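As the structure is a computational prediction, the values presented were derived from the model and not from experiment. The chains referred to below are lettered A, B, ... by the order of the sequence lines, with proteins before strands, and numbering in each begins at 1.
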Protein chains: 2
Amino acid sequence: MARAATTADAFNAVAEPRRRQILDALAGGERPVNDLVRILGVGQPQVSKHLRVLREVDAVVVRDEGRQRLYRLNGRALRPIYDWVKTYERSWSERFDQLDVVLDELKQEEEGDGSDE
Amino acid sequence: MARAATTADAFNAVAEPRRRQILDALAGGERPVNDLVRILGVGQPQVSKHLRVLREVDAVVVRDEGRQRLYRLNGRALRPIYDWVKTYERSWSERFDQLDVVLDELKQEEEGDGSDE
DNA sequence: GAAACATATACCTATATAGGAATATGTCAA
DNA sequence: TTGACATATTCCTATATAGGTATATGTTTC
């Protein structure tokens with residue numbers, strides 16, 4: 001089997017740095033494809049292809065305006081990533097190092113379940 | 001060119017659901033490989049290979065103990081992901097949900113006006 | 001209609017998997 | 001040493017890119 005499709009979910013879609021660059025550029029507001037081509041400094045077909053991937057995971061929305069196509073960010077598509085990764089925040093937050101021990105203990109009590117198996 | 005290596009950075013490493021599962025399992029504490037094999041329900045070589053990827057991006061740390069190898073989570077490796085995605089949080093926060101509705105309405109008016117798909 | 005412009009798609013190639021099977025490496029026990 | 005156990009690595013294959021180039025589609029202007 002090969003790796004999952006980039007369009008499988010937001011995690012796969014944003015694994016590509018250029019696609020994160022595109023989203024960052026769109027954070028400033030709606031933009032036509034050519035703007036992104038200039039900002040990224042890569043070919044137009046490449047940008048269009050990245051935009052297609054982002055569209056398939058709903059990370060961007062497109063709107064026609066004359067001969068241009070204006071792309072807009074849809075940050076909500078990134079929420080699963082945020083939700084998943086934020087639970088790990090305490091891992092590096094010095095402040096919570098002490099709290100971790102307590103929380104782990106409470107969690108084990110609540111679950112009332114042997115931790116092994 | 002092919003896609004970037006899964007070991008290129010944390011973004012690529014956690015794009016694979018099984019690797020996120022492994023990290024989630026390790027969030028509960030240090031575990032030997034066999035535990036993860038049971039939890040994930042996949043073959044042992046597969047788990048070892050996923051662990052190798054996670055090790056290369058420093059998302060896990062390994063420690064020898066007898067014939068077992070105990071893996072431990074290193075959440076700090078996920079910080080770049082958190083830092084990147086958290087800037088998009090306001091996209092879906094309550095306050096901006098209202099704005100989204102307005103924008104969507106404006107968009108529909110424009111699109112539904114005069115032209116059919 | 002023709003030309004210019006904006007964007008999307010098709011086709012190509014090199015490459016990096018993810019999983020499965022078989023095997024290698026390392027450790028403990030008798 | 002031999003055997004059982006725990007884990008890592010190797011080899012294999014099918015598949016999904018990402019970028020480059022050429023081309024198709026759609027829009028505006030003349």
Would you kindly give the [atom1]-to-[atom2] distance between [X] and [N], to the nearest whole Å?
{"X": "A/Asp64", "N": "C/dT7", "atom1": "CG", "atom2": "P", "result": "10 Å"}
{"X": "A/Glu65", "N": "C/dT7", "atom1": "CD", "atom2": "P", "result": "11 Å"}
{"X": "B/Leu70", "N": "C/dG26", "atom1": "CG", "atom2": "P", "result": "18 Å"}

- Distance in Å, A/Lys49 NZ paired with A/Arg19 CZ, rounded so as to fall on 0.5 Å steps: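 A/Lys49 atom NZ to A/Arg19 atom CZ measures 11.5 Å (nearest 0.5 Å).
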- Task: Drop me the distance from A/Asn34's CG to A/Gln68's CD, to the nearest 0.5 angstrom.
- Result: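 It is 7.5 Å, given to the nearest 0.5 Å.
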- Query: Any side-chain donor-acceptor pair under 3.5 Å between A/Asn74 and B/Tyr88?
  - Reply: no
- Shared ILVMFWY cluster between B/Val47 and B/Leu70, side chains joined below 4.5 angstrom?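 Different clusters: B/Val47 never reaches B/Leu70 through Ile, Leu, Val, Met, Phe, Trp or Tyr contacts under 4.5 Å.
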- Start with the C-alpha distance between A/Leu51 and A/Arg69, add both sets of side-chain angles, then the distance that settles side-chain contact (heavy atoms from CB on, under 4.5 Å), and finish with yes or no. CA-CA 11 Å; A/Leu51 284 169; A/Arg69 306 201 78 194; over 6 Å; no
- Which two nucleotides bound the region of DNA chain D that has atoms under 4.0 Å from heavy atoms of chain A, read 5' to 3'?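 It runs D/dA14 to D/dT28.
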- Closest-nucleotide ordering on DNA chain D, the 5'-leading residue of B/Val62 and B/Ala2: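 The residue closer to the strand's 5' end, by nearest nucleotide, is B/Val62.
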- Message: Ring-plane angle category for B/Phe11 and B/Trp84, please: parallel below 30°, perpendicular beyond 60°, tilted otherwise.
- Response: perpendicular
For residues [X] and [Y], determine if any side-chain heavy atom of one lies less than 4.5 Å from a side-chain heavy atom of the other.
{"X": "B/Arg31", "Y": "B/Ile39", "result": "yes"}
{"X": "B/Tyr82", "Y": "A/Lys86", "result": "yes"}
{"X": "B/Leu54", "Y": "B/Leu26", "result": "no"}

- Task: Examine distances only and state if a side-chain atom of B/Asp9 and a backbone atom of B/Asn12 form a donor-acceptor pair shorter than 3.5 Å.
- Result: yes
- Query: Looking only at atom types and distance, does a side-chain atom of A/Arg20 sit under 3.5 Å from a main-chain N or O of A/Val14, one as donor and one as acceptor?
  - Reply: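 Confirmed, A/Arg20 side chain pairs with A/Val14 backbone.
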- A/Gln46: side-chain hydrogen bond (donor to acceptor under 3.5 Å, both in side chains) partners, not counting sequence neighbours: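 By the side-chain hydrogen bond (donor to acceptor under 3.5 Å, both in side chains) rule, A/Gln46 matches no residue at all.
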- Item | Set of side-chain hydrogen bond (donor to acceptor under 3.5 Å, both in side chains) partners for A/Arg3, sequence neighbours left out |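 Result, side-chain hydrogen bond (donor to acceptor under 3.5 Å, both in side chains) vs A/Arg3: none returned.
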- Task: May I ask you to list the residues of residues 43-60 of chain A, by number, that have any heavy atom positioned under 4.0 Å from an atom of DNA chain C?
- Result: A/Gln44, A/Pro45, A/Ser48, A/Lys49, A/Arg52, A/Arg55
Are there any protein N/O atoms within less than 3.5 Å of an N/O atom in nucleotides 1-6 of chain C, and if so, which ones and at what distance?
none

- Task: Quantify the bending of the helix from C/dG1-D/dC30 to C/dA30-D/dT1 as the angle between its end axes, each fitted on five pairs, to 10°.
- Result: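 It works out to 10° between the end axes.
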